[in-house]
Structures are given as C-alpha cells and as structure tokens.
Amino acid sequence: GNHNHDDNLNSQNDRSNSNTSSKDQNDAEDQPSHDSFSVLFHLSHAASLHNVPACLAFGRIHSGLDSVVSDLLRDIVPIDFDASKEFLRRAMQSPYPPAGPKAAAGCLLYQILLDEGQHIAMEKGGTHAASPKVLMEVLEDTLKHIYAMEEEDEERQKHQEREKKSCHAKIVAVGDRAEGNYALEGSFYPGTIVDVHADDGRITIQYDDDGSTETLDTSQVRPLIPPTATQTNLGGPLSDEEALGCESSDDKCMIPVYQLQAELADLKAEHGNKTEAAMLYQQAADRAIADGKMKSATEWSLKAADIEE
C-alpha cells in the first residue's frame, strides 16, 4: 500500500512539474522581445538631445500611430496630440541630420493641423485651428526638408555607385563632396571637387568656408561621406533597408510632394503671393506628371497659367 501511495505522489509531482514547465514556457512566449520601459527611457533621452528619429517616433506614438522603434510603446505612451505636435516641431527644428525624418515629421504635423481645423469647423463653424500663416510655415519647412532629403539620397547613391566600381581605389569626380588637407597643415576642411587633373591625377578642391581653391595630391583629399550615412565595411553609406534589415516606415512622408506644393500654392494665392503660387503650381504639376497623375497635373498647370496672365 505504501508503495502505491509513493507512486501516486511521484505521479502527481511529475504532473505538477510538467504543468509548471508548460506554464513557464507559455509565459516566456508571452513575454515581449524587449523591455518597453527601457526603450522608453533611452528614447526619451535621445529626444531630449533633439535626436530627429527619436522625436519623430514620439510624435507618431502620441498621435496614435505605430513606430518602427517598438510596437510596445503605444501601450504605455498615451495619445496626446499637443505632445505629438511639440515632438514633431522639435524634430523639424533639430540642427542634426538626416532630413528624411524631418520631412516625415512635417507631413504628420501638417496633417494633424488640418484634422484639427476640420474638427473645429464642424463643431464651431470656424475655419482652421492653425492660422494660414502657421500652415504656410509648416508646409515651407516640410518642403525644405524634402528637398534636402532628395539631395542626401542623390549624394548617397553617387557614393554607392563609385564604391561598386572599385573596392579599394579612392575614386573622386568633379562635383563630389570631399575634404582637403588645407596647406598640408594636417587639418582637413570640407569642400567640392572642381577639377581632377588627368596628367598627374592631382585634385583641385574649392573650400566651403571662403571659396578658395587648392590643388592637392590624391593622398591629401578624402571623399566626404554624407552625414546621414551609416558606413559599410567599404566606408560607404547604407540605405535604411541595409542598415535596419527593413525599410523605416517612420520616415515615410504621408502626403505626396506635389500635393504639399499645390496646397502651399493655394495658401500663397489666397494671400496675394501670385508669383510664388504660380511657381509652386508648376512644380506640383511637373512632379504629378512624373508620377502619372495627369488630371492633377493639368489642373495645376492651368492654375499656374491663369495666375501668370
């Protein structure tokens, strides 16, 4: 009888251990892959230093959108549109690169201001929550960041194309950004390559600070990698897809560039800035054509023509 009793106890212990093990396994599977409060702490610190992607991430989360930083933050960060607007403005005003997140922040800020204006118009019969002047400023800053982002992308692509041609040779061409060892004093200053001499391979660089030029041996000139670049093992910049393993959805502008240009043109026209409005309408039309939006392109081209008459 004692033997059977012991067997029953052992069997119960085995079941208990099995259930505990199964519960622990299920709990482990339910645990997030990272500590959301740790992410929040580090993201807050980065945002306090005006880190652009961090400010954009908070702007998105406070407005109810997801962020590529973490899918857990929305559970602990409340929706607060005033806070969102503050973080988005901070992102746009940051002195640090890159420009992509700044452009995305501008698009989101503009959309929030429009949504608030529509809500107030329905509730109170008003027009915009933000004044037309504020909307124009946001649009102008957003477009400025978009143009800077396009220049950064072009510079990055040029650098990558040169790196594909040679893994080891230092390849530079006229128009490239570079740093030169000024007067061979050991201090490198940024500038633009204005000539590559075919006879001896020497390079003439025009410095940014005073516009002066200097011709140097190739060993005294080094390519200037775009400040937004994450470096590869070859010294070149990585795309977001290469750096993150996926495309950064945070950096995506929510509104097409031509739409922003056209809406800024509308505001400019309403306030009598006809020359700027006509130019913006035509720019919007050109971009719309490139994107296959022929109906919108025709509409904006006609508006540009009407203003210019």
Side-chain angles (χ1 to χ4, degrees), residues 32 34-120 128-150 152-153 227-228 230 239-241 243-257 259-261 263-264 267:
H34 55 272
D35 181 355
S36 56
F37 287 100
S38 176
V39 173
L40 180 61
F41 171 79
H42 290 291
L43 194 64
S44 298
H45 178 64
S48 72
L49 299 175
H50 293 264
N51 176 274
V52 183
C55 292
L56 173 59
F58 271 123
R60 289 179 61 86
I61 297 165
H62 274 303
S63 65
L65 298 175
D66 288 331
S67 171
V68 73
V69 173
S70 172
D71 57 356
L72 301 176
L73 291 177
R74 62 181 178 179
D75 295 330
I76 57 176
V77 176
I79 293 178
D80 183 337
F81 286 102
D82 286 337
S84 175
K85 289 185 289 185
E86 179 61 33
F87 275 110
L88 294 172
R89 285 193 173 95
R90 183 179 295 185
M92 294 178 71
Q93 294 166 1
S94 173
Y96 307 112
K102 296 180 183 180
C107 285
L108 180 53
L109 176 59
Y110 178 64
Q111 188 62 59
I112 290 173
L113 293 174
L114 286 183
D115 290 345
E116 288 180 342
Q118 291 173 357
H119 176 73
I120 289 178
H128 291 298
S131 68
K133 180 181 178 182
V134 170
L135 292 175
M136 280 194 287
E137 288 175 353
V138 171
L139 283 171
E140 287 172 339
D141 287 345
T142 301
L143 287 169
K144 177 187 71 175
H145 293 315
I146 288 174
Y147 301 149
M149 176 186 68
E150 291 172 345
E152 289 176 358
D153 289 344
T228 57
T230 300
S239 65
D240 284 343
E241 291 87 340
L244 301 173
C246 63
E247 191 171 2
S248 175
S249 57
D250 285 10
D251 292 359
K252 285 289 184 184
C253 289
M254 302 173 67
I255 308 170
V257 181
Q259 189 66 44
L260 295 173
Q261 291 171 323
E263 293 187 18
L264 178 58
L267 290 168

Drop me the distance from [X]'s [atom1] to [Y]'s [atom2], to the nearest 0.5 angstrom.
X      : Y      : atom1 : atom2 : value
Tyr110 : Asp115 : OH    : CG    : 10.5 Å
Asp250 : Arg60  : CG    : CZ    : 4.5 Å
Leu109 : Glu137 : CG    : CD    : 11.0 Å
Leu139 : Ile255 : CG    : CD1   : 7.5 Å
Asp251 : Cys107 : CG    : SG    : 11.5 Å
Leu43  : Leu73  : CG    : CG    : 6.5 Å

Near Tyr147 OH, under 6.0 Å, is it more than 12 heavy atoms from other residues, nucleotides or ligands?
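Enclosed.
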
Is it the case that over 12 heavy atoms from other parts of the model lie below 6.0 angstrom from the CZ atom of Arg89?
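More than 12 within 6.0 Å, yes.
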
Checking the side chain of [X] only, and the main-chain atoms of [Y] only, is there a donor and an acceptor separated by less than 3.5 Å?
X      : Y     : value
Glu152 : Ala99 : yes
Ser44  : Leu40 : yes
Ser84  : His62 : no
His50  : Pro95 : no
Lys102 : Ser94 : yes
Ser67  : Ser70 : no

May I have the step-by-step check of side-chain contact (heavy atoms from CB on, under 4.5 Å) for Ile112 and Phe81, ending in yes or no?
CA-CA 8 Å; Ile112 290 173; Phe81 286 102; 4.2 Å; yes

Provide the closest heavy-atom pair for [X] versus [Y] in the form atom of the first, atom of the second, distance.
X      : Y      : answer
Ala47  : Phe58  : CB-CD1, 3.9 Å
Val69  : Ala57  : CG2-CB, 3.8 Å
Ala103 : Ile146 : CB-CG1, 3.5 Å

Give the C-alpha distance, both sets of side-chain angles, the deciding distance and a yes or no for side-chain contact (heavy atoms from CB on, under 4.5 Å) between Ser63 and Leu108.
CA-CA 9 Å; Ser63 65; Leu108 180 53; 4.0 Å; yes

Partners passing side-chain contact (heavy atoms from CB on, under 4.5 Å) against Ala104 (at least two apart in sequence or in another chain):
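side-chain contact (heavy atoms from CB on, under 4.5 Å) list for Ala104, sorted by chain: Leu56.
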
Between Arg74 and Asp66, is the closest basic N to carboxylate O distance under 4.0 Å?
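Yes, Asp66 and Arg74 are salt-bridged.
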
Given side-chain contact (heavy atoms from CB on, under 4.5 Å), test Met254 with Gln259 step by step and report yes or no.
CA-CA 10 Å; Met254 302 173 67; Gln259 189 66 44; over 6 Å; no

